[in-house]
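Within every chain, numbering begins at 1; the chains are lettered A, B, ... in the order of the sequence lines, protein sequences first and strands thereafter. Any value given below was found using the heavy atoms of this structure, including those in side chains, with hydrogens, waters and symmetry copies removed. Quick caveat: nothing in here was measured; it's all calculated off a predicted structure.
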There are 2 protein chains.
Amino acid sequence: MVNIGDVARAAGVSRSTASYALSGKRTISPAVRENVERAVRELGYTPNAGARALATSRTNVLALLGQFFDDEFAPAMLQYILGITNRARELGFDTLLVTEGDGVEALTRIATSRMVDGFVLLNVAEFDERLDPLRAAQQPGALVGLPGDATGIDTFDLDFDAAGRLMVERLHEMGHRELTLVSQPEHVVERGGAYVWRLADGARAKADEHGIRLNHVFGSSHQPQIGDDLNAVLDRYPQATGLLLNNEAAAAALPSVLAARGLSSPADISVIGRYSDEFARTFSLPFSAIDSAADLLGRRAVEQLVSRLRTAADASPHVIELIAPVIDDRGSIAAPPPRR
Amino acid sequence: MVNIGDVARAAGVSRSTASYALSGKRTISPAVRENVERAVRELGYTPNAGARALATSRTNVLALLGQFFDDEFAPAMLQYILGITNRARELGFDTLLVTEGDGVEALTRIATSRMVDGFVLLNVAEFDERLDPLRAAQQPGALVGLPGDATGIDTFDLDFDAAGRLMVERLHEMGHRELTLVSQPEHVVERGGAYVWRLADGARAKADEHGIRLNHVFGSSHQPQIGDDLNAVLDRYPQATGLLLNNEAAAAALPSVLAARGLSSPADISVIGRYSDEFARTFSLPFSAIDSAADLLGRRAVEQLVSRLRTAADASPHVIELIAPVIDDRGSIAAPPPRR
DNA sequence: CTGAAAGCGCTTACAG
DNA sequence: CTGAAAGCGCTTACAG
């Protein structure tokens with residue numbers, strides 16, 4: 001394989017001059033620079049990544065630590081992943097995707113072997129075991145998902161509290177008086193999936209403010225159970241005129257359930273979901289929904305991480321950035337039907 | 001950061017002895033070995049990945065080159081990715097996920113910088129531009145997806161020809177005489193998505209063999225267009241009693257379409273899809289389907305790649321492994337309804 | 001069974 | 001504006 005010595009020889013300069021000509025870290029005479037660049041082109045030279053990492057203590061690689069649970073909605077994860085890998089590349093970084101079950105072990109292994117310059121953690125839980133090892137690591141990190149204690153780590157998430165409030169507020173404006181919220185499975189809550197209760201608490205607060213009755217149930221993550229769950233909910237709360245879905249599987253299942261019951265939205269029932277726009281487009285879920293902002297959150301996390309890498313690691317204070325919820329209107333919100 | 005010199009000093013041996021004690025590449029007296037192991041534990045030593053890569057020319061990292069097209073079904077990709085990353089880790093490798101648009105440029109960059117020991121290419125097309133650079137690279141590769149010319153590269157794919165045959169055969173057994181195949185969008189074909197015509201050709205051959213009439217249409221990749229497409233197909237071929245779906249979006253859209261038309265499967269129409277079992281479970285698509293075998297294909301590709309890394313690169317002949325299609329029976333296949 | 005030393009391919013003070 | 005040399009942290013012949 002061609003190395004910088006080959007380039008230097010071909011250009012008739014020393015290895016250090018070749019290196020400087022490429023990095024631009026000191027002034028090089030135009031003639032020499034051109035010779036070096038030509039040699040690079042002709043020989044097809046690319047620096048050896050391992051050698052460069054050893055010399056500079058920089059790898060230009062970020063680690064992306066995912067967590068994939070059977071009872072959460074895996075397909076949604078891809079949006080975060082693509083946002084992160086694409087933005088990282090734009091900023092000059094490659095991405096190591098880490099999916100092993102033991103995130104603590106993986107993080108420690110990768111941090112101490114200095115394979116990466118920084119970490120992005122996905123699907124962060126209320127008490128996330130990966131956070132202390134991350135704080136102990138030499139490399140900085142950024143979180144997608146708000147933990148109970150984000151001290152010392154840049155954090156990005158959808159503002160789920162505001163999302164819950166917004167859902168209720170919008171339906172209140174249209175005149176609804178009773179709503180039902182379908183959340184992720186209770187397992188997700190037990191595991192520390194704070195976004196579930198943050199949205200529920202926000203919805204509850206706003207409902208109380210307006211004197212709206214809010215029913216709250218946990219739905220399954222897969223069909224056909226979630227279909228049964230939805231039918232049960234509709235049976236149990238017949239007076240509810242609006243459905244809030246913080247559960248992607250519920251959004252995917254609801255069209256069939258409504259059709260089977262001879263109901264349509266928004267004529268019979270208003271619906272607001274919370275899922276990514278890409279997901280809605282792929283399945284064309286006909287429901288207005290708060291965008292998960294998966295792509296945006298992933299990109300923001302990478303941007304912050306890289307900016308921290310390019311300055312002194314702790315130069316700037318750590319941020320918690322909660323994205324304001326936005327409803328993509330797909331026409332499933334209207335006034336409730338006349339009282340039966 | 002603690003290095004092998006620190007370990008050696010703490011154990012009272014030379015750096016080479018410490019290294020050999022850890023690698024087991026030569027016999028070490030038990031006492032010395034224990035001293036070294038204790039030092040490693042106490043100091044929390046992990047070898048520096050860059051230094052090791054430089055010394056050994058091995059990174060223990062694989063590159064996973066994805067291609068994500070807007071008109072194919074992105075969520076399905078995650079299954080391949082997870083199969084690959086998980087199996088790689090089991091075999092001692094981490095995975096660099098590469099998603100940038102220009103796969104040729106990415107492959108060349110990563111190969112020449114020696115960031116990885118091998119490549120897995122996803123979504124390989126009939127004339128895939130990444131194959132020649134892969135053949136030119138120092139590192140071996142494995143493909144998921146069968147190209148027109150797989151010379152010199154290990155290749156894994158579902159046997160789509162057999163899948164098309166199996167779909168038709170199964171419906172023929174039940175007495176169907178006219179079927180409609182809904183494929184991916186025509187754009188996918190134009191881009192070289194050979195699996196589309198391989199399945200269609202297989203279905204066509206088997207249909208001809210049995211004197212079955214086979215209609216073939218290309219469906220959209222997103223709703224609501226795919227819903228319209230399905231309605232158009234049902235209007236246009238009213239005599240067809242079986243639907244073959246080589247299009248995930250069609251499978252996701254069909255339940256609503258059937259419900260809206262007052263049809264049910266299999267009573268009114270038999271349906272066979274082709275998608276991953278996980279996808280079916282997440283959405284509980286009620287249709288029998290040939291499993292994409294995404295997880296299995298990803299794992300097999302990694303296993304072959306790693307075994308090639310562990311022997312001489314070209315020691316064994318290259319394989320083309322086509323996974324035999326298997327139908328997951330979900331009860332959507334039955335005899336056609338009595339002639340209207 | 002163990003150690004001293006060379007070498008992997010870079011970058012970057014140091015010296016001119 | 002440029003070069004000779006040290007050093008990053010490993011592994012592995014070479015020598016004993």
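- Rounding to the nearest 0.5 angstrom, the gap separating the CD1 atom in A/I84 from the CG atom in A/L97 is 9.5 Å.
- With no hydrogens or angles considered, a side-chain donor-acceptor pair links A/N35 and A/R38 at under 3.5 Å.
- Backbone-only engagement by B/T56 is indicated by non-hydrogen atom pairs under 4.0 Å involving sugar-phosphate atoms exclusively.
- Between B/L54 atom CG and C/dA6 atom P the separation is 17 Å, expressed in whole Å.
- Side chain A/S16 to base D/dA5: no donor-acceptor pair is found below 3.5 Å.
- Evaluation of atom-type donor-acceptor distances gives a pair under 3.5 Å for the side chain of A/R26 against the base of D/dT2.
- Summarising the geometry of A/N123 relative to A/R130, their closest heavy-atom pair is O-NH2, 3.7 Å, with the distance given to 0.1 Å.
- Counting any heavy atom pair closer than 4.0 Å across all strands shown, A/S29 reaches sugar-phosphate atoms only and no base atom.
- C/dA4 makes up no base pair with any nucleotide shown, lacking Watson-Crick or G-U wobble contacts both under 3.5 Å.
- Nucleotide C/dA13 is matched to nothing when pairs are restricted to Watson-Crick or G-U wobble geometry with both distances under 3.5 angstrom.
- Each of B/V32 and A/S23 was assigned the nucleotide of DNA chain C with the nearest heavy atom; the assignment lying further toward the 5' end belongs to B/V32.
- Nucleotides D/dG16 and D/dT12 are separated by 16 Å at their C1' atoms, to the nearest Å.
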